[in-house]
Amino acid sequence: MAEYRQATVFDVAKEAGVSTATVSNVLNRRDVPLSEKTIRKVEEAAAKLGYRRNVMAASLSRRKTYEVGLLLPGFVGYYGLFAQQMERTAHKYGYHLSVFSTDMDSKVERRLLEKLLERRVDGLFCHGLAMSGDSARKVVNDGTPILFFNCWNELKHLAIGTVNLNVYQACVDAVVHLHEQGCRSFFYYGNKRAFATNEQRIHGFREGLRLTGGKHPADMIDVEDIAADDLAEWLAERSEDATPAGVMCFDDWKAFVCQNRLIEGGYDVPGRFKVVGINNEFVAGHSYPGITSFNVPYEHQADMSFRWMLTHLGEQAKLEAKGERPFSPPVAGGEVKIPLTLVERLSSR
DNA sequence: AGTCGGATAGGTAATAAAAG
DNA sequence: CTTTTATTACCTATCCGACT
């Protein structure tokens with residue numbers, strides 16, 4: 001009884017009556033000169049045997065895995081959608097992507113990181129909240145390049161680059177937009193557990209207030225400090241009936257909660273309060289009133305991140321040979337800011 | 001010049017051999 | 001018998017030499 005195993009280049013070579021070197025050349029090195037006859041023979045043999053490339057052996061041979069890791073805090077909302085896009089982008093560039101979520105637990109983070117390094121990933125993409133400084137330093141010292149996204153702390157100096165959503169500017173724009181829509185008092189409904197990403201929003205909120213005159217009443221609340229049940233009353237007490245108040249929320253889910261609570265409390269949205277979220281998630285477009293939000297260009301952010309990484313890995317020549325447009329990375333260690341675009345809906349009109 | 005193949009590297013685990 | 005050391009299997013990509 002023959003043992004069942006997948007066909008190798010050796011089997012294909014025997015079937016086609018050529019050497020393994022020729023098989024390899026036909027299958028993945030079309031730049032070396034080969035006769036049509038040989039190509040046909042090898043392709044027919046490979047098809048007949050159901051040959052499938054062994055990427056482990058290939059990685060061993062070329063000392064490069066064409067695998068990259070993506071480390072996220074979790075999979076909810078933006079994270080999951082970004083992961084989905086990164087998977088597509090990785091495949092587009094001929095890479096395999098391993099995605100892990102740390103759940104903001106440093107023990108989990110270290111274990112998952114070790115798994116990725118065991119697999120000899122060529123590079124790592126890390127969310128600013130998903131990785132500690134010690135881990136980042138260790139990885140970089142071991143020679144695995146890291147690219148951060150949505151990272152606003154000093155860690156980014158360890159990376160080959162940082163690709164950040166410009167949530168700061170989005171928040172500036174949010175306040176300006178609310179002001180243009182007639183709001184004369186402003187609130188930020190934040191989430192301090194999100195650390196730096198929350199800080200960015202606060203800075204943007206303050207800058208927005210400054211740009212709109214700096215005289216309007218403004219306050220901040222945090223989801224940690226106030227029960228949703230009390231939210232509407234809290235906001236009502238601190239704003240006036242005469243002019244609408246603007247509430248800029250940490251994200252669309254916070255905006256969803258906020259808006260529902262206001263309506264539940266008998267306050268008109270957008271008449272009495274105008275609500276803005278961030279990320280333009282499903283809930284923003286499908287609640288009523290629709291929630292004004294900021295759209296995330298996932299594909300752009302993923303593509304920018306990948307191209308930057310590939311350039312660092314010395315792969316840009318191969319890409320340009322395949323007809324990809326040239327890519328010039330920003331200054332080493334620099335930061336790219338990806339703009340978010342305002343999506344106006346009924347909640348702020 | 002145009003094609004093709006032999007030999008080898010590459011990192012680890014399983015197996016074999018040798019030493020204790 | 002136990003522990004250490006040496007060899008081999010795994011499979012592919014690539015360099016360089018050989019052949020027409």
Side-chain angles (χ1 to χ4, degrees), chain A residues 1-71 87 89-100 107-126 131 134-147 160 306-324 327:
Chain A
M1 194 67 186
E3 98 182 71
Y4 290 98
R5 63 178 180 84
Q6 301 202 23
T8 69
V9 277
F10 183 80
D11 300 322
V12 176
K14 202 166 68 173
E15 177 72 25
V18 298
S19 72
T20 58
T22 301
V23 172
S24 179
N25 285 338
V26 169
L27 263 31
N28 41 45
R29 283 223 312 182
R30 282 308 178 70
D31 51 321
V32 306
L34 293 161
S35 69
E36 284 302 319
K37 196 172 63 187
T38 305
I39 291 172
R40 192 172 45 75
K41 273 195 302 186
V42 170
E43 283 179 343
E44 279 173 5
K48 181 182 171 191
L49 298 176
Y51 172 76
R52 179 178 291 128
R53 202 170 109 91
N54 183 330
V55 293
M56 295 195 191
S59 297
L60 178 60
S61 181
R62 58 194 348 168
R63 278 174 287 177
K64 187 167 166 27
T65 58
Y66 284 94
E67 174 166 340
V68 289
L70 175 61
L71 223 47
E87 178 189 80
T89 304
H91 291 169
K92 181 175 106 184
Y93 290 124
Y95 276 72
H96 171 78
L97 181 72
S98 285
V99 190
F100 288 130
K107 274 215 164 92
V108 174
E109 172 232 300
R110 279 196 294 275
R111 200 187 78 234
L112 298 179
L113 196 56
E114 196 56 35
K115 289 292 164 202
L116 288 168
L117 295 175
E118 278 179 359
R119 299 190 67 87
R120 298 297 191 273
V121 291
D122 293 340
L124 276 171
F125 298 93
C126 296
M131 197 175 196
D134 287 346
S135 290
R137 262 179 284 279
K138 198 177 65 184
V139 173
V140 170
N141 287 339
D142 285 356
T144 304
I146 293 180
L147 188 140
I160 62 172
F306 235 95
R307 290 299 297 274
W308 203 344
M309 177 65 82
L310 293 183
T311 301
H312 182 83
L313 294 174
E315 296 279 298
Q316 76 276 34
K318 243 177 278 181
L319 289 178
E320 281 171 36
K322 277 194 221 160
E324 286 284 343
F327 173 81

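Within every chain, numbering begins at 1; the chains are lettered A, B, ... in the order of the sequence lines, protein sequences first and strands thereafter. Computed from heavy atoms alone, side chains included, the values below leave out hydrogens, waters and symmetry copies.
Within the 4.0 Å cut-off from OP1 or OP2 of B:dG5, at least one side-chain nitrogen or oxygen of A:Ser19 is found. Taking side-chain N and O atoms only, A:Arg62 has no distance below 4.0 Å to OP1 or OP2 of C:dC11. At the phosphate of C:dT12, OP1 or OP2 sits under 4.0 Å from a side-chain N or O atom of A:Tyr51. A:Thr22 has no side-chain polar atom (N or O) that falls below the 4.0 Å cut-off from OP1 or OP2 of B:dC4.
Between C:dC11, C:dA13, B:dG10, one nucleotide has an atom nearer to the side chain of A:Ala58 than all others, and that is C:dA13. Here the nucleotide nearest the side chain of A:Asn54, chosen from B:dG6, B:dG10, C:dC11, is C:dC11. Side chain of A:Leu34, nearest nucleotide from C:dT12, B:dA7, B:dC4: B:dC4. When each of B:dG11, C:dT12, B:dC4 is scored by its nearest atom to the side-chain atoms of A:Ala57, the top-ranked nucleotide is C:dT12.
With hydrogens and angles disregarded, no donor-acceptor distance shorter than 3.5 Å links the side chain of A:Ser24 to the backbone of A:Thr20.
A straight line from CZ of A:Arg63 to C1' of B:dA9 spans 7 Å, rounded to a whole angstrom. The interatomic distance linking A:Lys41 (NZ) with B:dG5 (C1') rounds to 12 Å, in whole Å.
Within 4.0 Å (heavy atoms only), A:Thr38 reaches sugar-phosphate atoms of the nucleic acid but no base atom. Using a 4.0 Å heavy-atom criterion, one finds that A:Val18 contacts the sugar-phosphate atoms exclusively. The residue A:Asn28 sits close only to the backbone: its heavy atoms come under 4.0 Å of sugar-phosphate atoms, none of a base. Within the nucleic acid shown, A:Leu60 comes within 4.0 Å of at least one base atom, counting heavy atoms only. Among the protein residues, A:Thr8 comes within range of the sugar-phosphate backbone only, with heavy atoms under 4.0 Å from sugar or phosphate atoms but none that close to a base.
Expressed to the nearest 0.5 Å, how far OH of A:Tyr95 lies from CD of A:Glu315 amounts to 3.5 Å.
Relative to the six-membered ring of A:Phe10, A:Lys14 misses at least one condition, a distance below 6.0 Å or an angle of at most 45° to the axis.
Mapping A:Arg120 and A:Ser35 onto DNA chain B by nearest heavy atom places A:Ser35 closer to the 5' end of the strand.
Using a 4.0 Å cut-off between a side-chain N of Lys or Arg and a carboxylate O of Asp or Glu, A:Lys115 and A:Glu118 qualify as a salt bridge. Using a 4.0 Å cut-off between charged nitrogen and carboxylate oxygen, A:Arg110 and A:Glu114 do not count as a salt-bridge pair.
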